Protein chains: 2
Amino acid sequence: MLQLTRDGEYAVRAVIFLAAQPEGKVSLINEISVEQEVPKSYLSKIMQHLTRAGLVKSRRGAKGGFTLARTADTITLRETIEAVEGPIFLNVCLIKKGECHRDDLCPVHPVWKEAQKKLMEVLEGKTMADLVKDAEAIKKSSKRAMLRKA
Amino acid sequence: MLQLTRDGEYAVRAVIFLAAQPEGKVSLINEISVEQEVPKSYLSKIMQHLTRAGLVKSRRGAKGGFTLARTADTITLRETIEAVEGPIFLNVCLIKKGECHRDDLCPVHPVWKEAQKKLMEVLEGKTMADLVKDAEAIKKSSKRAMLRKA
DNA sequence: GGTATTTAAGACTATTTTAGTCCGAATATA
DNA sequence: TATATTCGGACTAAAATAGTCTTAAATACC
């Protein structure tokens, strides 16, 4: 449907949450679920994918939980989404040769290629560190707006 | 899944086919289906959507068939796709306010907004007339390549 | 060692979407 | 009237989506 699924959305929320935590902080499914408004049992699935994809480190047992596996500035939006949704292709014809009807003769193929490239540029251009910084800036500016109103 | 469905793909094929026909030519479901490799009964559904959306004119009965309802240079790729898939939104948060988790405080929202804008620019930047022209150019250049080989 | 805590893995489910097919009705031509 | 052709909708099978739930495994602490 040319639309991000809940999996992708929830993965992004979870990784941003982890990225925003202070160094060394270990987060529980429960915390993330409540804070980011993601169903707990569903989130547990998402976290597993993120762990296997190497974005997140997990530890079981008491004092266990999740942390980022790498620094937030090395994790892009694209990587986070693809960790749970699989590789993004705006059209099947981009997956590999032969998927495309009339292969190299299709005039629409280059258009999808360009659209794909632009989308990837946007999703790769934002790291989790960027997003945490953006979130802080938004919070500050909205606080200022509140004060002005009061 | 962040991927165009068959509906969208088939709609584009059908409209390009109509755009490539000589002035006044009326095309049958059957022709389009064979030429563009789209299942006939499925295509019939697609054509109905395109007709209702005002991109295509239909006439029933003997000597009936389909033509473009407007000139090919006024029909964009975006319009064609949205005629059968409904409006494109890369993320639910773009549909309307309130769909977004933590509304204006979400740092990812602006990123989706930008991605959406870029995608739309690409899909609106190509009209069916452009695509027909591109197809002709591709055909010519591939013919030249064949001749060089032979 | 035992107990409490926490993630891992996978089975299970309901709903929606996707990708079609099929048929009878309506409409136009000749 | 016979023939051609789209229209509209019912129908279907398979896959994706969006979850839930239960049991097992690992870890920490007493």
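Chain letters run A, B, ... following the sequence lines, proteins first, then strands; residues in each count from 1. Just so it is clear, the structure is predicted and the values come from calculations on it, not from any experiment.
- When heavy atoms are screened at a 4.0 angstrom cut-off, B:M1 is found touching the sugar-phosphate backbone but no base atom.
- Linking ILVMFWY side-chain heavy atoms closer than 4.5 Å, directly or via other members, places B:V56 and B:L28 in two distinct hydrophobic clusters.
- The hydrophobic cluster containing A:V12 does not contain A:V34, counting ILVMFWY residues as joined when their side-chain heavy atoms lie under 4.5 angstrom apart, directly or transitively.
- Protein atom CD of A:E9 is 11 Å distant from nucleotide atom P of D:dA18, rounded to whole Å.
- Considering only side-chain N and O atoms, B:R52 lies under 4.0 angstrom from the phosphate OP1 or OP2 of D:dG8.
- If you measure from atom CG of B:L28 to atom P of D:dT3, you get 18 Å, rounded to the nearest angstrom.
- Closest non-hydrogen pair, B:L4 versus B:E9, comes out as CD2-N, 3.5 Å.
- Distance NE2 (A:H49) to P (D:dT17): 12 Å, rounded to an integer number of Å.
- In the hydrophobic cluster analysis, where Ile, Leu, Val, Met, Phe, Trp and Tyr join through side-chain heavy atoms closer than 4.5 angstrom, B:L68 is grouped together with B:I81.
- Put simply, CD on A:Q48 is 16 Å from P on D:dG19, counting in whole angstrom units.
- Without hydrogens or angle criteria, B:S27 side chain to B:L18 main chain gives no donor-acceptor distance under 3.5 Å.
- Distance OH (B:Y42) to C1' (D:dG9): 15 Å, rounded to an integer number of Å.
- Rounded to an integer number of Å, the gap from A:R6 CZ to D:dT20 P is 13 Å.
- With respect to B:E114 and B:K118, a salt bridge is recorded, a charged nitrogen being found less than 4.0 Å from a carboxylate O.
- Note that the first and last nucleotides of DNA chain C, 5' to 3', having any atom under 4.0 angstrom from a heavy atom of chain A are C:dT5 to C:dT18.
- Residue A:I29 is the one, among A:I29 and A:K45, whose nearest nucleotide of DNA chain C lies closer to the 5' end (criterion: closest heavy atom).
- OP1 or OP2 of D:dA28 has not a single side-chain nitrogen or oxygen of A:R60 nearer than 4.0 Å.
- A straight line from CG of B:N91 to P of D:dT17 spans 14 Å, rounded to a whole angstrom.
- Using a 4.0 Å heavy-atom cutoff across all strands shown, A:T5 reaches sugar-phosphate atoms only and no base atom.
- The closest side-chain donor-acceptor pair between A:D73 and A:T71 falls under 3.5 angstrom.
- Map A:D7 and A:R59 each onto its nearest nucleotide of DNA chain D; the residue landing nearer the 5' end is A:D7.
- One interatomic measurement links the two molecules: CD1 of B:I46 to P of D:dG8, which rounds to 15 Å at whole-angstrom precision.
- With the nearest nucleotide of DNA chain C identified for both A:L2 and A:G61, A:G61 has the one nearer the 5' end.
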